[in-house]
Amino acid sequence: MQFAVKTQTPVASTLLGLGAFPASHELSLGMMGMHGEFHTNMAIQNADLILAFGMRFDDRVTGTLKTYAPRAKKIHIEIDPSEIHKNVFVDVPLVGDVKTVVSDLIPLVDEYDHDEWKQEINSWKAEADTRSIMNWEEDGKLYVAHLIADIWKETDGSAIVTTDVGQHQMWAAQYYFLEKPNRWLTSGGAGTMGFGLPSAIGAWFAAKDQEIWAIAGDGGFQMTAAELTTAVQEGANVKIAIMNNNFLGMVRQWQEFFFEKRYSAVNMLTPDFVKLAEAHRVPARLVTHHDEVHEAIEWARKTEGPVVLEFRVEQEEAVFPMVPQGAALHEMIRRPVKAKA
């Protein structure tokens with residue numbers, strides 16, 4: 001924070017870095033990479049200097065390497081020497097703990113304003129906002145992005161959030177705006193479906209005074225649903241929001257975009273999640289219309305102990321933007337502009 005403010009340098013975050021820099025800060029650009037923000041990726045691609053603090057330049061962040069940040073010199077601060085030059089050749093490697101290295105750098109750097117650069121980034125952001133699902137007219141349907149934003153509003157953005165892996169994970173990263181560190185628990189490189197509920201229980205053991213929400217997909221949730229009994233047995237006060245679209249959503253999205261909707265092994269027959277939860281002695285509700293969302297979230301928050309909310313969401317909604325495999329960061333597939341009624 002001190003380094004960014006002193007140098008007026010915009011800050012982009014990796015998936016696992018969300019919350020380390022407050023989302024509401026004027027210098028925050030949000031998430032970068034495959035499902036990152038348009039203006040964030042454009043800033044990276046047009047920057048003349050990239051300061052990489054503890055990131056590993058994985059392929060979900062860079063897009064194709066041959067076109068990654070082509071104009072930028074790169075400074076990489078990393079505690080593991082084997083990560084230096086592994087994916088991206090950098091101009092200045094600084095091996096050490098980020099806190100120590102950045103603390104040493106702060107008194108050595110000059111103050112800047114970068115107003116012209118920030119205005120350019122803001123112009124990209126304004127253009128991106130015209131495509132945002134958050135600007136759609138209310139039509140009563142359940143879109144995961146709206147639900148994440150609703151949970152964010154109801155919890156004042158202060159809950160610990162855990163996720164499974166898939167579309168809902170990306171929407172949670174995009175629309176649950178984190179202000180503090182250690183509020184975001186999600187599976188990164190391993191891509192572990194079923195991570196949401198067990199990690200929420202673990203978070204409860206570590207922080208029983210915090211509000212905890214597990215945001216799960218219908219596919220991932222079934223992999224560890226038996227842990228509902230663990231939550232009951234231990235009295236874990238966790239709220240589980242299941243985004244049920246009867247698909248393995250992220251794989252379906254790839255099959256839609258790149259294989260002409262030749263769906264294979266992604267359509268899912270799901271159980272009655274409310275009955276399944278109640279069989280584990282967990283209170284549960286089914287939500288099928290947006291008018292029911294506020295009351296359901298409020299009920300879940302007031303109910304002591306584990307609670308399941310099943311949301312029947314739109315089946316073929318896609319996460320935007322998206323950088324296709326092998327494409328450059330600026331070659332994003334973007335949501336078409338939806339005209340308001």
Side-chain angles (χ1 to χ4, degrees), residues 11-25 28-41 60 124-126 128-139 141-181 183-188 195-196 200 211-218 220 239-245 249-250 253 287 290 293-294 296-297 300-301 309 311-314 316-323 332-335 338:
V11 178
S13 299
T14 64
L15 175 66
L16 296 182
L18 293 171
F21 195 84
S24 64
H25 197 282
S28 176
L29 299 181
M31 187 171 67
M32 65 179 91
M34 179 173 281
H35 291 292
E37 303 290 349
F38 171 73
H39 62 279
T40 310
N41 287 344
R60 292 298 189 267
W124 291 321
K125 185 177 187 301
D129 286 344
T130 64
R131 301 172 185 266
S132 173
I133 189 175
M134 302 313 293
N135 292 327
W136 286 13
E137 293 285 354
E138 172 59 51
D139 60 6
K141 297 178 181 178
L142 291 182
Y143 300 99
V144 179
H146 289 165
L147 293 171
I148 301 296
D150 289 334
I151 294 171
W152 171 72
K153 291 174 186 174
E154 296 285 344
T155 60
D156 293 323
S158 61
I160 294 174
V161 175
T162 76
T163 77
D164 284 343
V165 167
Q167 286 182 312
H168 70 278
Q169 177 190 33
M170 294 298 103
W171 277 311
Q174 291 175 338
Y175 295 105
Y176 197 97
F177 305 107
L178 293 150
E179 295 297 309
K180 298 179 181 178
R183 296 291 193 278
W184 173 246
L185 298 175
T186 195
S187 178
F195 184 85
E211 184 170 1
I212 299 169
W213 280 80
I215 297 172
D218 49 327
K239 315 306 173 189
I240 303 112
I242 303 171
M243 306 299 170
N244 183 7
N245 60 6
M250 188 59 82
Q253 179 169 331
V287 179
H290 199 259
V293 171
H294 171 75
I297 294 174
R301 297 185 73 209
L309 296 178
F311 296 99
R312 294 276 177 85
V313 299
E314 286 298 289
E316 294 184 287
E317 174 64 9
V319 181
F320 290 100
M322 179 180 182
V323 179
M332 288 163 276
I333 300 173
R334 304 175 64 197
R335 183 185 298 280
K338 181 175 180 179

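Heads up: numbering here begins at 1 and tracks the sequence.
- Not one N or O on the side chain of Glu211 forms a donor-acceptor pair closer than 3.5 Å with the backbone of Thr155.
- Side-chain contact check for Tyr176 versus Ile151: some heavy-atom pair is nearer than 4.5 Å.
- Trp136 CH2 to Arg131 CZ: the interatomic distance, rounded to the nearest 0.5 Å, is 12.5 Å.
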Is there a side-chain contact (heavy atoms from CB on, under 4.5 Å) between Val313 and Leu147? Walk through the geometry before answering. CA-CA 9 Å; Val313 299; Leu147 293 171; 3.6 Å; yes

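- Not counting sequence neighbours, the partners of Ser132 by the side-chain contact (heavy atoms from CB on, under 4.5 Å) test are Met134, Asn135, Tyr175.
- The line from NZ of Lys141 to CD of Glu314 is 5.0 Å long, rounded to the nearest 0.5 Å.
- In this structure, the side chain of Gln174 engages the main chain of Phe320 through a donor-acceptor pair within 3.5 Å.
- Between Ile160 and Leu185 there is a side-chain heavy-atom pair separated by less than 4.5 Å.
- Gly220 approaches Asp164 most closely through the heavy-atom pair C-OD2, 3.3 Å.
- Every side-chain contact (heavy atoms from CB on, under 4.5 Å) that Arg60 has, sequence neighbours left out, goes to Met34, Asp58, Gln325.
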Can you give the donor-acceptor pairs under 3.5 Å from side chains of residues 17-24 to other protein atoms, not counting sequence neighbours?
unit_1: Ser24; atom_1: OG; unit_2: Glu179; atom_2: OE1; d: 2.6
unit_1: Ser24; atom_1: OG; unit_2: Glu179; atom_2: OE2; d: 3.3

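- For the pair Arg334 and Phe38, the cation-pi test (distance below 6.0 Å, angle within 45°) is passed.
- Every residue meeting the side-chain contact (heavy atoms from CB on, under 4.5 Å) condition with Val165, not counting sequence neighbours, appears here in chain and number order: Gln169, Ser187, Met193.
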Is there a side-chain contact (heavy atoms from CB on, under 4.5 Å) between Met322 and Met332? Walk through the geometry before answering. CA-CA 5 Å; Met322 179 180 182; Met332 288 163 276; over 6 Å; no

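- A salt bridge links Arg335 to Glu317: one of the charged nitrogens lies within less than 4.0 Å of a carboxylate oxygen.
- For the pair Arg301 and Trp213, the minimum side-chain heavy-atom distance is below 4.5 Å.
- To the nearest 0.5 Å, atoms CD1 (Ile148) and CE (Met170) are separated by 11.5 Å.
- Phe311 contributes atom CZ, which lies 11.5 Å from atom CG of Asn244 (distance to the nearest 0.5 angstrom).
- Considering only heavy atoms from C-beta on, Ile297 comes within 4.5 Å of Asp150 through its side chain.
- Summarising the geometry of His168 relative to Ile215, their closest heavy-atom pair is CD2-O, 3.2 Å, with the distance given to 0.1 Å.
- Considering all non-hydrogen atoms of both residues, Asn245 and Gly249 come closest at ND2-CA, 4.2 Å.
- Residues meeting the side-chain hydrogen bond (donor to acceptor under 3.5 Å, both in side chains) test with His35, sequence neighbours left out: none.
- For the pair Asn41 (side chain) and Gly33 (backbone), a donor-acceptor distance under 3.5 Å is present.
- Between the side chain of Lys239 and the backbone N or O of Ala300, at least one donor-acceptor pair lies under 3.5 Å.
- Formation of a donor-acceptor pair under 3.5 Å by the Trp184 side chain with backbone atoms of Leu15 is found in this model.
- Looking at every heavy atom in both residues, Thr163 comes nearest to Ala172 through CG2-CB, 4.0 Å.
- The nearest pair of heavy atoms linking Thr40 to Leu29 is OG1-O, 2.5 Å.
- Side-chain contact check for Met31 versus Glu37: every heavy-atom pair is 4.5 Å or farther apart.
- In plain terms, the two heavy atoms of Val287 and Leu142 that are nearest each other are O-CD1, 3.3 Å.
- When the ring-ring contact (aromatic ring centres under 6.0 Å, His included) test is applied to His146, the partners found at least two apart in sequence or on another chain are Tyr143.
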Evaluate the side-chain hydrogen bond (donor to acceptor under 3.5 Å, both in side chains) criterion for residues Asp139 and His290: first the C-alpha distance (whole Å), next the side-chain angles of each, then the deciding distance (0.1 Å), finally the verdict. CA-CA 8 Å; Asp139 60 6; His290 199 259; over 6 Å; no

